[in-house]
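Here the structure is laid out as structure tokens; the discussion comes afterwards.
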Amino acid sequence: MASNSNQGIFKVSFGVLIGILALLGYLFMGARNDTFELQKSLTEKVEQLSSTQIKLDSISKVLDEKIAKINKLGGNIVELKRIKAQLENDKKLLKSDLNFSIQKYNAKIKDYENFLTVKDREFNNLKEENTELKARTELLEQEKQEVLSENTTLKSDKETLSQTVAEYSAENYNLQRQVTLASSMKAINVQVAALSANGKAREGNAFKSSRINRLRVSFIMPSNSIAVKNRKDIYIRILDENGGLISDNVNSGVLEYEGNEIGYSIRQGVMFENNDQKVDIIYAQEAPYNPGKYEIEIYCEGFKIGKGAFEVK
């Protein structure tokens with residue numbers, strides 16, 4: 001009986017052991033499966049993180065290239081720099097994102113890619129505009145060079161024309177002067193007489209100072225076929241032996257001769273008749289004449305038309 005009882009206990013114990021072992025085996029297999037799933041999940045997360053990091057780095061590199069190219073073309077890079085700063089912030093957050101979601105980052109990456117697509121079109125348009133602008137600039141530069149060449153030619157032609165005009169002007173001036181000289185008055189047979197207080201005239205061009213009350217300058221104005229018959233202003237200059245002008249400060253003044261102003265002793269208007277007329281001009285002054293030789297110069301219409309001389313003893 002005891003032997004049968006022991007056998008029964010053994011069987012029960014063995015069955016319990018088998019049950020425990022089966023339970024342990026079940027629990028072990030369950031734990032193994034959970035560990036495998038966890039490893040699988042972690043592996044997927046690591047791969048997703050790595051893929052996301054690679055994609056963000058690639059987009060960052062493309063953004064750098066776009067910024068450099070558009071900046072070189074003179075385009076606006078403000079928005080590109082803003083997106084680049086945002087991307088760098090996403091890359092930084094990715095390294096410490098405990099709630100990483102591949103869906104969230106895939107959406108971000110999609111937005112970045114769409115942004116780059118838009119910027120690609122803008123870049124191509126900007127590149128085309130710059131190409132057209134460069135072509136227009138080259139054309140304008142060519143036109144500028146042509147204009148400069150034409151201006152150089154025109155300047156040369158202008159200088160030649162100016163020189164020709166100057167030569168013709170000088171020639172015309174000389175011709176006019178020759179005509180004017182030909183038509184100018186002449187004063188010939190210039191004689192000087194001393195008039196006393198009672199009007200008695202002493203001729204001979206040599207007089208005593210005490211007998212000179214007034215001077216009479218006489219000359220002939222020959223006829224001239226091209227001269228105009230009109231009133232002529234005759235200017236008389238009386239010069240002492242030192243070249244000083246004799247003047248009374250009443251009838252005297254200045255006249256223009258060969259671009260300069262010179263003083264005259266007396267001016268008198270004469271109606272030119274163009275018939276070899278004789279002209280007498282009377283000059284009076286209160287101051288006595290000093291002994292010496294004097295010269296008479298006669299001017300009309302800007303020309304010196306005659307001269308004479310007398311002596312005071």
Side-chain angles (χ1 to χ4, degrees), residues 173-174 176-313:
Y173 173 77
N174 290 331
Q176 288 181 346
R177 183 169 177 81
Q178 290 174 10
V179 171
T180 304
L181 282 171
S183 63
S184 65
M185 303 299 94
K186 302 295 181 184
I188 61 174
N189 298 330
V190 179
Q191 301 293 324
V192 179
L195 302 180
S196 63
N198 58 11
K200 184 177 180 180
R202 291 181 174 82
E203 299 179 351
N205 294 341
F207 322 104
K208 290 182 179 181
S209 177
S210 60
R211 295 182 178 180
I212 303 175
N213 180 262
R214 291 167 295 166
L215 287 177
R216 184 184 69 197
V217 180
S218 303
F219 53 89
I220 302 296
M221 293 180 69
S223 59
N224 188 329
S225 59
I226 62 174
V228 179
K229 295 171 65 174
N230 58 8
R231 179 184 173 86
K232 309 290 185 184
D233 284 330
I234 307 297
Y235 299 87
I236 302 293
R237 299 185 77 219
I238 304 174
L239 307 173
D240 62 22
E241 60 183 358
N242 296 318
L245 179 71
I246 305 299
S247 64
D248 59 7
N249 297 324
V250 176
N251 298 305
S252 59
V254 294
L255 65 96
E256 187 173 333
Y257 175 65
E258 294 184 348
N260 298 312
E261 289 187 343
I262 58 175
Y264 63 83
S265 303
I266 186 172
R267 180 185 67 180
Q268 181 172 314
V270 174
M271 183 58 66
F272 178 66
E273 300 293 344
N274 205 5
N275 59 359
D276 296 333
Q277 69 197 82
K278 181 181 179 182
V279 177
D280 292 328
I281 295 178
I282 307 299
Y283 175 74
Q285 72 166 9
E286 295 180 359
Y289 289 87
N290 296 321
K293 294 182 178 181
Y294 291 78
E295 292 186 358
I296 300 290
E297 294 179 348
I298 306 172
Y299 294 82
C300 181
E301 297 180 336
F303 294 96
K304 186 177 181 180
I305 64 173
K307 63 181 181 177
F310 68 96
E311 183 178 357
V312 177
K313 298 181 180 179

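We're numbering straight along the sequence, starting at 1. Since the structure is predicted, the reported quantities are computational estimates derived from the model, not experimental observations.
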For side-chain contact (heavy atoms from CB on, under 4.5 Å), just list the numbers for Asn290 and Asp240, CA-CA rounded to whole Å, side-chain angles, deciding distance to a tenth of an Å, and then say yes or no.
CA-CA 9 Å; Asn290 296 321; Asp240 62 22; over 6 Å; no

For a side-chain contact (heavy atoms from CB on, under 4.5 Å) check, start with the C-alpha distance between Ile188 and Val190, then their side-chain angles and the critical distance, and finish with the verdict.
CA-CA 5 Å; Ile188 61 174; Val190 179; over 6 Å; no

Tell me, with the steps shown, if Tyr283 and Ile236 meet side-chain contact (heavy atoms from CB on, under 4.5 Å).
CA-CA 9 Å; Tyr283 175 74; Ile236 302 293; over 6 Å; no

What do the steps show when you test Glu295 against Lys307 for salt bridge (Lys or Arg N to Asp or Glu O under 4.0 Å), and what is the final call?
CA-CA 7 Å; Glu295 292 186 358; Lys307 63 181 181 177; over 6 Å; no

Please lay out, stage by stage, how Gln285 and Ile246 fare under the test side-chain contact (heavy atoms from CB on, under 4.5 Å).
CA-CA 9 Å; Gln285 72 166 9; Ile246 305 299; 3.2 Å; yes

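Using a 4.5 Å cut-off on side-chain heavy atoms (C-beta onward), Val270 and Gln277 make contact. Considering only heavy atoms from C-beta on, Cys300 comes within 4.5 Å of Lys232 through its side chain. Counting heavy atoms from C-beta outward, Asp276 and Pro222 have side chains that approach closer than 4.5 Å. Under the 4.5 Å side-chain criterion, counting only non-hydrogen atoms from C-beta, Tyr294 is not in contact with Val192. For the pair Asn205/Gln191, a side-chain contact is recorded, criterion being any heavy-atom separation below 4.5 Å from C-beta on. Taking the side chain as every heavy atom from C-beta outward, Ile266 and Ile281 approach each other to under 4.5 Å.
A salt bridge links Glu297 to Lys304: at least one charged side-chain nitrogen sits closer than 4.0 Å to a carboxylate oxygen.
Here ring-ring contact (aromatic ring centres under 6.0 Å, His included) pairs that include residues 192-216, with residues two or more places apart or in two chains, number zero. Residue pairs meeting the ring-ring contact (aromatic ring centres under 6.0 Å, His included) criterion with at least one partner in residues 224-263, sequence neighbours excluded, are Tyr235-Tyr264, Tyr257-Tyr299.
For the pair Gln268 and Ile282, the tightest heavy-atom approach, listed with the atom from each and the gap, is OE1-N, 4.2 Å.
Residues forming a side-chain contact (heavy atoms from CB on, under 4.5 Å) with Ser196 (at least two apart in sequence, or on another chain): Asn198, Lys200, Arg202. Qualifying side chain to side chain donor-acceptor pair (under 3.5 Å) partners for Ser209, counting only residues two or more places apart in sequence or in other chains: none. Taking Lys229 as the reference, Glu273, Asn274 meet the side-chain contact (heavy atoms from CB on, under 4.5 Å) condition, with sequence neighbours excluded.
Using a distance-only test at 3.5 Å, with no hydrogens or angles considered, no donor-acceptor pair links the side chain of Ser247 to the main chain of Ser265. For the pair Arg237 (side chain) and Gly263 (backbone), a donor-acceptor distance under 3.5 Å is present.
For the atom pair CE of Met271 and CZ of Arg231, the computed distance is 6.5 Å after rounding to the nearest 0.5 Å. Annotation: the span from Arg267 atom CZ to Ile234 atom CD1 amounts to 11.5 Å, rounded to 0.5 Å. Rounding to the nearest 0.5 Å gives a distance of 8.5 Å between NZ of Lys208 and NZ of Lys313.
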Donor-acceptor pairs under 3.5 Å, side chain of residues 213-221 to any protein atom, not counting sequence neighbours: which ones?
residue, atom, partner, partner atom, Å
Arg216, NH2, Glu203, OE2, 3.1
Ser218, OG, Asp280, OD1, 2.6

